[in-house]
Every structure is written in C-alpha cells, then in structure tokens.
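Scope of the values below: all heavy atoms of this structure, side chains included, with no hydrogens, waters or symmetry mates.
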Amino acid sequence: MRLRPIVRSDADAIFHTYAGSARATHFMPFKTHQHVADSLAFAVRCQDCWRSGAAFPWAVIETASGRMLGNVELKLSPPQASIGYIFGDAFWGQGFASEAASAVVAWTIAQPDIYRVWATCHPGNLGSAAVLRKAGLHLEATLANWEARPQLGEVAGPSHMYALIKPTA
C-alpha cells in the first residue's frame, strides 16, 4: 500500500469506502456521511489542512489495485503528535490499518522535536485498540467525557488514550 494526500477527487471513494458506512463509522467522532457532498467537504478540509500545515491526512491506497482502503491523519504539535485513522470495513482484519498506523508512528517518533505520539479510541473498539498496540502505542489512560460519538448517542463519551513516549535527553 501507499499513502498520498487526500484530494477533492477522492470524495466518491471516501463516501463509498468508509465515510458512508454505518459500520465503518460506528465509533467515529463524526456523523456517517449521508451524501457524497459530505465526503467532498471532508476532502476539501483535508486539502486545506495540508496547505495550512494543521494536519496531514493521507489516503491509504492499495498499490496493486489503486483502490482506496481508508485514511490516516497526523497532527503535529511539538513536542507531541496525534494520529487517527479509519478504514472501510471490507478491509478490516487484513493488517492495512496496522501497517499504515505503524509507518506514520515510526516516522513521527523519529522526528527530533516529537517526544509523544498519541491516539484515542472508544473502549469498545477492540480492533482499533489492537491497531494502536501493533503500532507501538501503550494504553495510558481512560479519559472520561473525551469525545462525541454521534452513532453511539454519546455527546461526550469515554476514550482510551494510547501513547508512545520517547525519552528526553
């Protein structure tokens, strides 16, 4: 697989691969997209994030077929950085999320000004927790009232926080 910046023309693939899927978005902090226009707005946001440097959202592409599998996003805020990801449920359990998250975490923690890479997931999202552990992160805390999850009816639901810490010199 390969990572590349998300662009406007990805809207249809974003919608049909994961964002329009109630199963794929079940634990996510955004509402399941109802129309391709919702995914287009997301793709535009992704391009704006790249331009401003606010975040770096990548499309995860299967090299052989060229199809989108999901996305992974990095937010840098030295001395720490956070990651998030979502994959189409057709691609769960095949190692794609672990491979993408591991690559982003490894690159990020190797940066001289980054000492913590963190991510959160819903306590019930066992698959995502496994991805984070495979990427080298460790459960650090359970955060109360951390994140809204519209599909679960949570206005401010709990999250497990995972982190990888680099010792300071």
Side-chain angles (χ1 to χ4, degrees), residues 1-22 24-63 66-89 91-92 96-122 125 128 131-132 135-137 143 146-151 154-157 159-164 166:
M1 70 178 183
R2 64 185 174 88
L3 303 178
R4 64 156 174 77
I6 292 174
V7 295
R8 291 173 60 97
S9 59
D10 289 327
D12 192 63
I14 290 167
F15 181 77
H16 289 101
T17 302
Y18 60 87
S21 164
T25 60
H26 183 72
F27 288 112
M28 299 307 291
F30 61 85
K31 290 182 180 179
T32 304
H33 292 185
Q34 300 302 304
H35 307 282
V36 174
D38 299 331
S39 297
L40 177 59
F42 171 73
V44 168
R45 171 218 165 261
C46 290
Q47 286 186 297
D48 290 345
C49 284
W50 273 92
R51 275 193 288 277
S52 72
F56 303 95
W58 290 282
V60 180
I61 306 297
E62 184 179 45
T63 306
R67 68 184 168 168
M68 181 180 286
L69 307 174
N71 84 42
V72 62
E73 182 169 307
L74 171 67
K75 293 180 182 173
L76 294 169
S77 183
Q80 52 99 7
S82 63
I83 67 161
Y85 49 83
I86 182 171
F87 283 75
D89 57 311
F91 307 112
W92 292 356
F96 294 119
S98 295
E99 184 179 345
S102 294
V104 172
V105 167
W107 179 88
T108 304
I109 201 69
Q111 302 312 300
D113 57 343
I114 299 296
Y115 291 87
R116 164 188 285 270
V117 179
W118 64 273
T120 61
C121 70
H122 188 277
N125 193 343
S128 190
V131 166
L132 295 173
L137 283 69
L143 307 172
W146 180 256
E147 199 162 45
R149 292 196 178 80
Q151 286 72 241
E154 294 178 351
V155 176
S159 284
H160 283 328
M161 173 168 289
Y162 286 80
L164 176 63
K166 177 170 55 180

Novice: What I want to check is whether the side chains of His122 and Glu147 have a donor and an acceptor closer together than 3.5 Å.
Specialist: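 Not at all, the side chains of His122 and Glu147 share no donor-acceptor pair under 3.5 Å.
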Novice: Please walk me through it: do Phe96 and Glu62 pass side chain to side chain contact (heavy atoms under 4.5 Å, CB included)?
Specialist: CA-CA 9 Å; Phe96 294 119; Glu62 184 179 45; 4.1 Å; yes
Novice: For a quick test of reading the model, state the closest non-hydrogen atom pair linking Val131 to Ala101 and the distance between them.
Specialist: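 Closest approach of Val131 to Ala101, heavy atoms only: CG1-CB, 3.9 Å.
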Novice: Any chance you could measure Leu137, atom CG, to Trp118, atom CH2, to the nearest 0.5 Å?
Specialist: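 So the gap between those two atoms works out to 11.0 Å.
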Novice: Between Glu73 and Trp58, do the side chains contain a donor N or O and an acceptor N or O under 3.5 Å apart?
Specialist: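 There is no such pair between these side chains.
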Novice: Mind telling me whether Tyr162 and His160 have parallel, tilted or perpendicular rings, with 30° and 60° as the class edges?
Specialist: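 His160 vs Tyr162 ring planes: perpendicular.
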Novice: Do the non-hydrogen side-chain atoms of Pro79 and Ile114 ever get within less than 4.5 Å of each other?
Specialist: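 No, their side chains stay 4.5 Å or more apart.
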Novice: Starting at CE of Met161, measure out to OG of Ser82 and round the result to the nearest 0.5 Å.
Specialist: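 Atom-to-atom, Met161:CE and Ser82:OG are 9.0 Å apart.
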Novice: What's the verdict on side chain to side chain contact (heavy atoms under 4.5 Å, CB included) for Leu69 and Tyr18, showing C-alpha distance, side-chain angles and the deciding distance?
Specialist: CA-CA 8 Å; Leu69 307 174; Tyr18 60 87; over 6 Å; no
Novice: Any idea which heavy atoms bring Ile6 and Ile14 closest together, and the distance?
Specialist: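 Heavy atoms only, the tightest pair is CG2-CD1, 3.8 Å.
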Novice: Under a 3.5 Å distance rule, please check whether Gln151 uses its side chain to pair with a backbone N or O of Phe27 as donor and acceptor.
Specialist: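 Here the side-chain-to-backbone pair does not exist.
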Novice: Is the side chain of Asn125 donor-acceptor paired with the backbone N or O of Cys121 at a distance under 3.5 Å, no angle test?
Specialist: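 Judged by distance alone, no pair lies under 3.5 Å.
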Novice: Return the CZ to CZ distance between Phe30 and Phe42, rounded to the nearest 0.5 Å.
Specialist: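 Going from CZ on Phe30 over to CZ on Phe42, the span is 7.0 Å.
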Novice: Hydrogens and angles aside, do Thr25 and Arg149 bring a side-chain donor and acceptor to less than 3.5 Å of each other?
Specialist: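 Per modelled atom types, Thr25 and Arg149 side chains form no pair under 3.5 Å.
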Novice: Run the side chain to side chain contact (heavy atoms under 4.5 Å, CB included) test on Trp146 and Thr120 for me, step by step, so that the C-alpha distance in whole Å, both residues' side-chain angles and the decisive distance to 0.1 Å come before the verdict.
Specialist: CA-CA 9 Å; Trp146 180 256; Thr120 61; 3.6 Å; yes
Novice: For Ala59 versus Asp10, what's the shortest heavy-atom pair and its separation?
Specialist: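 Result for this residue pair: CB-OD2, 4.3 Å.
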Novice: Tell me, do Val117 and Ile83 make a side-chain contact under 4.5 Å, heavy atoms counted?
Specialist: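 Val117 vs Ile83: side chains touch.
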Novice: Could you list the donor-acceptor pairs under 3.5 angstrom formed by side chains in residues 104-111, with sequence neighbours left out?
Specialist:
unit_1	atom_1	unit_2	atom_2	d
Thr108	OG1	Val104	O	2.6
Gln111	NE2	Trp107	O	2.8

Novice: Just do the side chain to side chain contact (heavy atoms under 4.5 Å, CB included) check on Arg116 and Leu164 with the steps written out, would you?
Specialist: CA-CA 6 Å; Arg116 164 188 285 270; Leu164 176 63; over 6 Å; no
Novice: Return the OG to CD1 distance between Ser21 and Ile86, rounded to the nearest 0.5 Å.
Specialist: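 Atom-to-atom, Ser21:OG and Ile86:CD1 are 7.5 Å apart.
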Novice: Report the C-alpha distance between Arg51 and Asp48 in whole Å, list the side-chain angles of each, state the deciding distance to 0.1 Å, and finish with yes or no for salt bridge (Lys or Arg N to Asp or Glu O under 4.0 Å).
Specialist: CA-CA 5 Å; Arg51 275 193 288 277; Asp48 290 345; 2.6 Å; yes
Novice: Ring centres of Phe87 and Trp92 under 6.0 Å apart?
Specialist: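 Phe87 vs Trp92: aromatic centres not under 6.0 Å.
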Novice: If you look at every heavy atom in Arg45 and Pro57, which pair is closest and at what distance?
Specialist: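 Between these two residues, the closest heavy atoms are NH1-CG, 4.2 Å.
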Novice: Report yes if the side chains of Leu3 and Val72 come closer than 4.5 Å at any heavy-atom pair, otherwise no.
Specialist: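 A side-chain contact exists here, since the closest heavy-atom pair is under 4.5 Å.
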Novice: Quick one: do Lys166 and Asp113 make a salt bridge, cutoff under 4.0 Å?
Specialist: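 Asp113 and Lys166: not salt-bridged.
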Novice: Give a yes or no answer on whether the side chain of His16 reaches the backbone of Asp12 with a donor-acceptor pair at less than 3.5 Å.
Specialist: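 Pair found, side chain donor or acceptor close to backbone of Asp12.
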Novice: Please report the interatomic distance CG(Leu40) to NE2(His35), rounded to the nearest 0.5 Å.
Specialist: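 Result: 13.0 Å between the selected atoms.
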Novice: I need the Phe91 CZ to Met68 CE distance, nearest 0.5 Å.
Specialist: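 Reported value, rounded in 0.5 Å steps: 10.5 Å.
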